[in-house]
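Right, one structure below, let's go through it.
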Amino acid sequence: MEKYLDDAQALFEYTRDLRRDFHKHPEIGFKEIRTANIIAKELSNLGMEVTTGIGQTGVVALLEGKEPGPVVLLRFDMDALPIQEETGAEYASVIEGVMHACGHDGHVAIGLTVARLLNNYRSEFKGTVKLVFQPAEEGLGGAERMIADGILHSPPPDVALALHIWNDKPVGWIGIVPGPVMSAADTFYIRIIGKGGHGAAPNLCNDPVYAASQVISSLQSIVSRNVPPLKEAVVTVASIHGGEAFNVIPSEVELKGTIRTFETSIRDRVISRLEQIVVNVSHALECESKVEIKSMMPAVVNHPDITRRVQQVASRVLPSDQLDIHTITMGSEDMAYVLQQIPGCYFFIGSANKERNLDASHHHPKFDFDESILPKAAGLMVASALEFLGK
Ligand SMILES: [Zn+2]
Ligand SMILES: [Zn+2]
């Protein structure tokens with residue numbers, strides 16, 4: 001089993017150079033043109049059948065083994081974020097205001113390394129590897145667009161795998177957890193409508209600023225009073241807007257925020273309590289209200305049997321790493337849409353290195369990770385793919 005890790009290690013410079021090149025030239029969601037061109041070129045050089053323009057800027061390639069057999073989809077996301085980089089790295093972004101601050105540059109480099117390795121092993125497996133390089137993971141709907149363009153058909157995958165470089169955990173940690181691993185995300189928009197007027201005459205107004213403050217306080221009771229204590233949920237009001245002048249009570253206040261849950265029953269309960277609290281607290285304070293909930297993402301749910309097999313592969317390929325089978329995150333991920341239809345596993349590779357100052361969190365202007373994890377990630381992905389292909 002170590003062969004996969006050794007072979008990935010032998011390609012370290014290839015992987016690292018690709019990663020640094022992508023890092024230097026980040027592209028945000030649905031604008032990954034240069035990135036997609038490099039991916040298509042690398043895969044074509046391996047003699048693969050490559051299709052571009054799937055989900056706008058996505059790339060799909062098929063790699064056939066020695067005989068027909070199971071189809072394994074491997075997904076790698078490739079978009080950057082609208083963040084001004086502050087790492088000071090020699091390979092820092094040269095694009096103003098755009099940065100690979102989530103590690104998707106690493107994911108693409110890992111994906112191309114996986115493609116090279118599996119191509120070398122193609123006489124050793126039966127079946128098809130479907131390599132999917134996905135645009136616009138960062139909340140822009142890349143997975144949905146690729147699914148709409150047919151990535152789950154012709155041929156339909158039997159298993160889907162994806163990974164994320166994870167700076168919340170150190171190098172040497174691997175998270176492979178069955179069941180829900182990343183939460184469902186819903187966005188809420190609240191308007192509280194009162195009656196504006198002079199700040200010195202609140203008695204003649206229905207103050208939506210005060211009502212908003214009471215709504216925000218009361219929303220905190222959902223997690224503390226309505227969600228079962230052993231279940232996870234987050235309700236965050238992240239934006240509040242209303243009023244301009246110090247002496248004018250505005251007629252309206254807008255709130256925006258996010259709800260994160262893992263289970264449908266908890267999600268439904270949180271949403272219905274949020275609606276009740278907004279309407280009734282506003283009403284008690286003589287204001288009207290409007291609530292709009294937008295579902296952003298379902299939870300990422302790993303298939304138990306497939307996940308168990310990936311855990312076994314990880315124990316063989318990376319025996320000295322710490323395998324965590326419990327840690328889940330309130331982040332969200334559009335791989336959720338793929339895993340709703342195809343059984344699979346989404347796993348995490350710890351990538352932080354505190355001594356080298358490579359431990360800033362994802363989406364931070366100083367985000368960077370320890371590149372020594374690139375071969376480990378590639379080796380684990382290759383070995384996991386082969387686990388589900390025929391021998
Ligand atoms: Zn991200
Ligand atoms: Zn990410």
Side-chain angles (χ1 to χ4, degrees), residues 18-19 22-23 26-32 35-36 39 55 57-58 74-87 93 95 97-112 114 132-146 160-169 173-177 180-185 187 234 236 238 258 260 296-300 302 327-339 344-352 358-371 373-374 377-378 380-381:
L18 277 173
R19 182 264 159 162
F22 292 127
H23 191 88
E27 295 171 303
I28 58 168
F30 293 127
K31 301 220 162 71
E32 307 92 333
T35 309
I39 294 168
T57 43
L74 307 180
R75 176 277 213 167
F76 305 92
D77 47 7
M78 55 185 193
D79 55 324
L81 287 153
I83 293 174
Q84 180 63 42
E85 179 159 352
E86 292 173 14
T87 62
S93 170
I95 312 291
V98 184
M99 176 192 179
H100 268 295
C102 202
H104 300 183
D105 49 341
H107 297 170
V108 179
I110 291 164
L112 291 173
V114 166
V132 171
F133 290 86
Q134 183 205 302
E137 186 283 323
E138 299 286 2
L140 297 171
E144 288 162 288
R145 289 285 294 277
M146 287 200 99
L161 302 173
L163 57 74
H164 209 298
I165 288 170
W166 209 237
N167 250 29
D168 293 0
K169 296 286 184 182
W173 174 96
I174 302 171
I176 309 175
V177 183
V181 282
M182 294 187 92
S183 67
T187 308
V234 173
T236 290
T258 186
R260 303 293 168 109
M296 296 286 289
M297 213 85 82
V300 175
N302 281 341
T327 300
I328 57 177
T329 154
M330 298 314 280
S332 64
E333 232 298 341
D334 64 6
M335 183 66 186
Y337 292 110
V338 174
L339 295 178
C345 179
Y346 183 93
F347 54 92
F348 301 90
I349 309 269
S351 55
L358 301 171
D359 62 343
S361 62
H362 293 265
H363 295 202
H364 189 281
K366 289 195 162 67
F367 173 85
D368 199 359
F369 62 87
D370 188 329
E371 291 170 324
I373 60 101
L374 293 168
L380 178 55
M381 188 53 107

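As the structure lists them, so they are numbered: ligands from 1, and atoms in each ligand from 1. All values below were derived from every heavy atom in this structure, side-chain atoms included, with hydrogens, water molecules and symmetry-related copies excluded. Quick caveat: nothing in here was measured; it's all calculated off a predicted structure.
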Looking at Glu138, the N/O/S atom that lies nearest to the Zn ion (ligand 1) is called OE2
Smallest heavy-atom separation, Leu380 atom then Phe347 atom, equals CD2-CE1, 3.6 Å
| Going by distance alone, is a donor N or O of one side chain under 3.5 Å from an acceptor N or O of the other, for His104 and Asp79? | yes
Original post:
Would one find an N, O or S atom of His104, in either backbone or side chain, under 2.8 Å from the Zn ion (ligand 2)?
Top reply: yes
Heavy-atom closest pair (Asp105 atom, His23 atom, distance to 0.1 Å) is OD2-ND1, 2.7 Å
Practice item. Report yes if the side chains of Glu32 and Val108 come closer than 4.5 Å at any heavy-atom pair, otherwise no. Key: no
| Is any N, O or S atom of His363 under 2.8 Å away from the Zn ion (ligand 1)? | yes
At the Zn ion (ligand 2), NE2 of His164 and SG of Cys102 open up to roughly (10° bins) 100°
Describe, in one word, how the ring planes of His107 and His164 are oriented to each other, choosing from parallel (under 30°), tilted (30 to 60°) and perpendicular (over 60°). perpendicular
_Using a distance threshold of 2.8 Å, state whether an N, O or S atom of His107 lies below it from the Zn ion (ligand 2)._
no
